[in-house]
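In what follows, chains are A, B, ... by sequence order, proteins preceding strands, each numbered from 1.
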There are 2 protein chains.
Amino acid sequence: MSEATVRRRVTSTDVAREAGVSRATVTYVLNDTPGQTIPQSTRTRVLEAAARLGYRPNSAARTLASGRSRIVLLVLPDWPQEFSFRHFLDEASLALDESGYSLVTYTRHPGTRGRPLWEALNPDLVIGLVPFDPDDVASIRGCGVTRLFPDPDESDSADLSMAVSAGPELQVDHLIDRGHRRLVYATFKEPPPYSLVLARHRAACDRAYTRGLPPPDLERIDHQDGSTEEAIRRWRDMGITGVIAFNDIVAAVVVVAAATAGLRVPDDIAVIGHDDNQTAAMFVPQLSTIRFDPSTLGRDFANLALHKLEGRPWQNPDASTRVTLVRRRTT
Amino acid sequence: MSEATVRRRVTSTDVAREAGVSRATVTYVLNDTPGQTIPQSTRTRVLEAAARLGYRPNSAARTLASGRSRIVLLVLPDWPQEFSFRHFLDEASLALDESGYSLVTYTRHPGTRGRPLWEALNPDLVIGLVPFDPDDVASIRGCGVTRLFPDPDESDSADLSMAVSAGPELQVDHLIDRGHRRLVYATFKEPPPYSLVLARHRAACDRAYTRGLPPPDLERIDHQDGSTEEAIRRWRDMGITGVIAFNDIVAAVVVVAAATAGLRVPDDIAVIGHDDNQTAAMFVPQLSTIRFDPSTLGRDFANLALHKLEGRPWQNPDASTRVTLVRRRTT
DNA sequence: CTGAAAGCGCTTACAG
DNA sequence: CTGAAAGCGCTTACAG
């Protein structure tokens, strides 16, 4: 410490000199390289030297030399509005971190210009929550990324789509079980239905089909003007008694409009939300909704990533254990 | 194309060979390196060869050689709940991209274990929306990052805190202008007040002080049980007539509870929200709230980053042009 | 105007 | 058990 403290970054050469070994040995010790037999005394010497000097490997150099960045890039199609998504990411990050990987999230929008993040990051794996379009696949591959998920060229049994579909399926099941035979799927007009909306709607349609019902129409309501009331009256005239809402905010708007239209909830029309967010319990009447366990889902995600990265075993999780119905007063 | 298509990644050596020049020339052309005089014919040859081969520079190699990653890491203290934040990020990303930088966001939580992202990414700049704690500063510096913002060691006149404080200030001003002299600041009990809540509350306190009022207490309400009503009655007994809500959801809960408690809004008690989200216009009565322009803020952010990265000129934006009052029926 | 060469800080066969 | 050396794919003075 004196004028020697010209902030030059500590390198493995410094650690090697400090510990009296070669750079190779430093690497072996710090990375716990398998197949090397290094006596405990040397190990300790290296570890202590590294700690004393505050050594952090240069990740660019490491990536270049090893050919792996240990970065997992998670591509999000739209802005996730669920608060619980944070718990999902926390858990996923943590689980990946334990295996030495860093999780980076990247929110991609349809209109995005500019260089995609996979070009700047050299990720070992790029994962999307919805399928990539062909342009993106080409772009990802062109950046030297060999692992992506879902991979259009690979018929992989691994599947995380239940993370999206389990909720809508449960919504449909619940309404049917309560005796409703004519359903609609409601979302907001603005912003225009994005991929998560479409994916949830499609899951609801598939479930309705399985249960022998026609697919519920995708109805886009407006929460600003009074058109939601009209829509609800129209639904009633069509014999519809059950509303599957994209999320709890949509559900709340539908419930308010139903009341204004003079309909009783759930007797005249039943409404079920999704996400169990703060809004859900606050309304009068309190909203029936879907709760899912984001932490478990986060671990599922990390396991899938490690499966793709290192071939660890993988087994598709059971959807029914990831999602629960919260029945309150609107169904 | 045939068996030669063994997917080996295209390198600058390939491009150099294809164009009949050296690797140095390839770099100069593709990076538009200033101070090199390269004839248009050579430029075109290189550009065409690169395009034909689908060349993407290896970012790890580039980072290692140049000492710059061209990555800006934005550290978010908590999960941002405002939908408009996406527009902020879009705009910021785009503006940075135009200057050749990639923006990566990193949501950090108090309990986070594991390797921080700045260790894996080698960012040229780390920016936090709230100040870093000393441990983080040490960790960031230890990873060889020389530029961070806010930088505790540097008395920098650059300031983006108006992005947080302008809204609360406007809330306070509006309530005072409407004749309210006794105010509270309301937020949810769960999750416990996080940094954004505290920052907004503090801004409200500062503004109240400037306007000659005592600082509004931070009141934590519960949206599950009926305790919000009790709180409101208590506030009334204390002579409080104005409620500054952390966001529109809090405002909605307060308004509902006030109605249940038999108070008239805004005559007995005025409530102003923040964010102008979808909930705000939906309630009866519609919520007065604060709207801010996320895109402009995104550009402000990008300009600040470029100022720190390349010394571009910077001038603190005028808060009052970034935020507007949306007066509806609760004030 | 262009290229040969050193170097960025690691990892990894390989030889001893 | 350990180290000398090549190499990852770029960038950047520097010499011509």
Side-chain angles (χ1 to χ4, degrees), chain A residues 8-46 49-50 53-71 100 119-122 124 142-144 146, chain B residues 8-46 49-50 53-70 100 119-122 124 142-146:
Chain A
R8 196 181 51 77
R9 187 161 173 193
V10 177
T11 72
S12 71
T13 308
D14 300 321
V15 178
R17 194 186 313 112
E18 177 88 5
V21 297
S22 74
R23 283 155 67 218
T25 306
V26 171
T27 299
Y28 293 146
V29 170
L30 293 181
N31 291 351
D32 242 331
T33 312
Q36 299 298 123
T37 48
I38 296 174
Q40 192 53 48
S41 58
T42 309
R43 289 204 118 81
T44 322
R45 230 166 52 240
V46 171
L53 266 37
Y55 172 63
R56 321 254 119 185
N58 179 319
S59 56
R62 185 211 285 260
T63 298
L64 181 59
S66 70
R68 303 187 316 160
S69 63
R70 303 204 145 258
I71 288 176
E119 202 167 322
L121 295 188
N122 261 324
D124 289 344
C143 290
T146 56
Chain B
R8 195 182 52 77
R9 185 162 174 194
V10 177
T11 71
S12 70
T13 308
D14 300 320
V15 178
R17 193 187 311 111
E18 177 87 5
V21 296
S22 73
R23 283 156 66 218
T25 305
V26 171
T27 299
Y28 293 146
V29 170
L30 294 180
N31 291 351
D32 242 331
T33 313
Q36 299 300 121
T37 49
I38 296 174
Q40 193 52 50
S41 58
T42 309
R43 289 204 117 80
T44 322
R45 232 166 51 241
V46 171
L53 265 39
Y55 171 63
R56 318 256 122 182
N58 178 318
S59 56
R62 186 211 284 261
T63 298
L64 181 59
S66 70
R68 304 186 315 161
S69 64
R70 302 203 146 260
E119 201 167 323
L121 294 188
N122 261 324
D124 290 341
C143 291
V145 175
T146 56

J.: B:R56: what forms a salt bridge (Lys or Arg N to Asp or Glu O under 4.0 Å) with it, not counting sequence neighbours?
T.: A:E119
J.: Measure the distance from CZ on B:R43 to P on C:dT2 and round it to the nearest whole Å.
T.: 10 Å
J.: Within this structure, what is the CG-to-P distance between A:D32 and C:dT12, rounded to whole angstrom?
T.: 13 Å
J.: Counting the atoms with a prime plus P, OP1 and OP2 as sugar-phosphate, which does B:T13 contact under 4.0 Å by heavy atoms, base, sugar-phosphate, or nothing?
T.: nothing
J.: Is any side-chain heavy atom of A:I71 closer than 4.5 Å to one of B:L121?
T.: yes
J.: Please report the distance, rounded to the nearest Å, between CG in B:N58 and C1' in D:dG7.
T.: 13 Å
J.: Mind calculating the distance between CG (A:N31) and P (C:dT12) to the nearest angstrom?
T.: 8 Å
J.: Are any of A:T63's side-chain N or O atoms less than 4.0 Å away from OP1 or OP2 of D:dC8?
T.: no
J.: Could you tell me whether the side chain of B:R17 reaches within less than 4.5 Å of the side chain of B:D14, counting heavy atoms only?
T.: yes
J.: Taking C-beta and beyond as the side chain, do B:N122 and A:N58 meet within less than 4.5 Å on heavy atoms?
T.: yes
J.: To the nearest angstrom, how far is A:Q40 atom CD from D:dC1 atom P?
T.: 11 Å
J.: Check this for me, if you would: do B:D32 and B:R43 make a salt bridge, where the nitrogen-to-carboxylate-oxygen distance has to be below 4.0 angstrom?
T.: yes
J.: Rounding to a whole Å, what distance do you find between A:E119:CD and D:dC10:P?
T.: 12 Å
J.: If you compare every side-chain N and O of A:Y28 against the phosphate oxygens of C:dA13 (OP1, OP2), does one of them come in below 4.0 Å?
T.: no
J.: C:dC8, C:dG9, D:dT12: which one has an atom nearest the side-chain heavy atoms of A:T11?
T.: C:dG9
J.: So, is B:S66 close to the D:dT11 phosphate, meaning a side-chain N or O under 4.0 Å from OP1 or OP2?
T.: no
J.: Quick check on C:dC10: is either OP1 or OP2 less than 4.0 Å from any side-chain nitrogen or oxygen of A:S12?
T.: yes
J.: My understanding is that a pair needs two contacts under 3.5 Å, Watson-Crick or G-U wobble. By that rule, which nucleotide pairs with C:dA4?
T.: none
J.: Nearest whole Å is fine: how far is D:dC1 C1' from A:R23 CZ?
T.: 19 Å
J.: Which nucleotide in the set C:dT2, D:dG3, D:dC10 lies at the smallest distance from any side-chain heavy atom of B:P57?
T.: D:dC10
J.: Would you tell me if any nitrogen or oxygen in the side chain of A:T27 comes within less than 4.0 Å of OP1 or OP2 on C:dC10?
T.: no
J.: Nearest heavy atom decides the nucleotide; on that basis, is B:L64 or B:V21 closer to the 5' end of DNA chain C?
T.: B:V21
J.: Determine which nucleotide pairs with C:dA13, using a 3.5 Å limit on both distances of a Watson-Crick or G-U wobble pair.
T.: none
J.: Starting at atom CG of A:L30, determine the distance to atom P of C:dT12, rounded to an integer number of angstrom.
T.: 13 Å
J.: Between D:dT11, C:dT12, C:dG9, which one does the side chain of B:A65 approach most closely?
T.: D:dT11
